[in-house]
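Shown next, in structure tokens, is the structure this report addresses.
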Amino acid sequence: MAEEEIKNTSVAAETTEAVAPKKSAKKMKRIVNAGAVHIQATFNNTIISVTDKKGEVLTASSAGANGFRGSKKGTAFAAGVAAEKALELAKKNHALNSVDVYVSGIGLGRDAAVRAVSTAGIKIDSITDVTPIQHGGVRPKGERKP
């Protein structure tokens with residue numbers, strides 16, 4: 001009986017050793033001719049995301065990711081550097097030619113990031129401001145007061 005247990009454990013050990021870890025498949029770079037650039041400009045940072053037409057992110061960059069710290073992250077220069085880096089990677093890795101630009105937020109980096117998109121050698125099809133605007137909300141629940 002003890003021999004059977006030893007055999008069973010040795011068989012289990014052999015099966016786990018026999019299974020080799022799978023090699024990860026190399027990810028293919030997609031060729032995307034047209035995409036979108038989403039710019040989120042806050043007072044403290046500027047985030048640039050380059051996506052395809054479906055909204056799947058190709059590259060992203062921010063002022064903080066490019067070495068700017070503290071109050072320097074919110075500057076126009078930092079936003080321009082972040083946009084240049086994101087668009088350079090998108091152009092090199094995905095052959096991006098033309099983009100639609102969507103700008104959100106009220107930070108200093110709005111205009112600088114759009115200018116960086118145009119100087120990167122990528123054609124801009126449209127520029128849209130998608131900053132949310134307050135409208136006072138819906139009517140509160142309950143009876144109206146006389």
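Counting begins at 1 with the first residue of the sequence.
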Could you tell me which residues satisfy ring pair (Phe, Tyr, Trp, His ring centres under 6.0 Å) with His94, sequence neighbours excluded, listed by chain and number?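 None.
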For [X], check side-chain contact (heavy atoms from CB on, under 4.5 Å) against everything at least two apart and list the hits.
{"X": "Gln40", "value": "Thr42, Ile47"}
{"X": "Lys54", "value": "Asp52, Glu56"}
{"X": "Asn97", "value": "Asn33"}
{"X": "Ala120", "value": "Leu87"}

Applying side-chain hydrogen bond (donor to acceptor under 3.5 Å, both in side chains), which residue pairs with at least one partner in residues 60-77 are found, sequence neighbours left out?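 Checked against side-chain hydrogen bond (donor to acceptor under 3.5 Å, both in side chains) - neighbours excluded - the pairs reaching residues 60-77 are Ser61-Asn66.
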Provide the full list of side-chain hydrogen bond (donor to acceptor under 3.5 Å, both in side chains) pairs with a residue in residues 83-92, sequence neighbours left out, each pair given once.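 Those involving residues 83-92 do not exist here.
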Heavy atoms, side chains only, cut-off 4.5 Å: are [X] and [Y] in contact?
{"X": "Val117", "Y": "Val99", "result": "yes"}
{"X": "Ile39", "Y": "Thr46", "result": "yes"}
{"X": "His38", "Y": "Val50", "result": "no"}
{"X": "Ile48", "Y": "Val37", "result": "yes"}

Return each pair, listed once, that meets salt bridge (charged side-chain N to carboxylate O under 4.0 Å, His left out) where at least one residue sits in residues 93-103; pairs must be two or more places apart or across chains.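 Listed once each, the pairs are Lys53-Asp100.
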Hey, could you give me the OG/CG distance between Ser98 and Asp125, rounded to the nearest 0.5 Å?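 Atom-to-atom, Ser98:OG and Asp125:CG are 4.5 Å apart.
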Let me confirm one number: the CG-OG distance from Asp129 to Ser104, rounded to the nearest 0.5 Å.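 So the gap between those two atoms works out to 7.5 Å.
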Derivation and outcome, side-chain contact (heavy atoms from CB on, under 4.5 Å), residues Asn93 and Arg30: CA-CA 8 Å; Asn93 294 340; Arg30 292 185 297 141; over 6 Å; no
Who else is in the cluster with [X] when I, L, V, M, F, W and Y are joined by side-chain contacts under 4.5 Å?
{"X": "Ile106", "answer": "Phe43"}
{"X": "Tyr102", "answer": "Val130"}
{"X": "Phe68", "answer": "Phe77, Val81"}

Testing the basics here: between Ala113 and Ala83, what is the closest heavy-atom pair and its distance to 0.1 Å?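 For Ala113 and Ala83, the tightest heavy-atom pair comes out as O-CB, 3.9 Å.
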In this structure, would Ile122 and Ile127 fall into the same cluster of hydrophobic residues linked by side-chain contacts under 4.5 Å?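 Yes, Ile122 and Ile127 fall within the same hydrophobic cluster.
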Can you list every pair that meets ring-ring contact (aromatic ring centres under 6.0 Å, His included) and has a residue in residues 103-144, with sequence neighbours left out?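 As it turns out, there is no ring-ring contact (aromatic ring centres under 6.0 Å, His included) pair with a partner in residues 103-144 once direct neighbours are skipped.
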Donor-acceptor contact below 3.5 Å, side chain Arg110 vs main chain Val103: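 Flag not set: sc Arg110 to bb Val103 has no pair under 3.5 Å.
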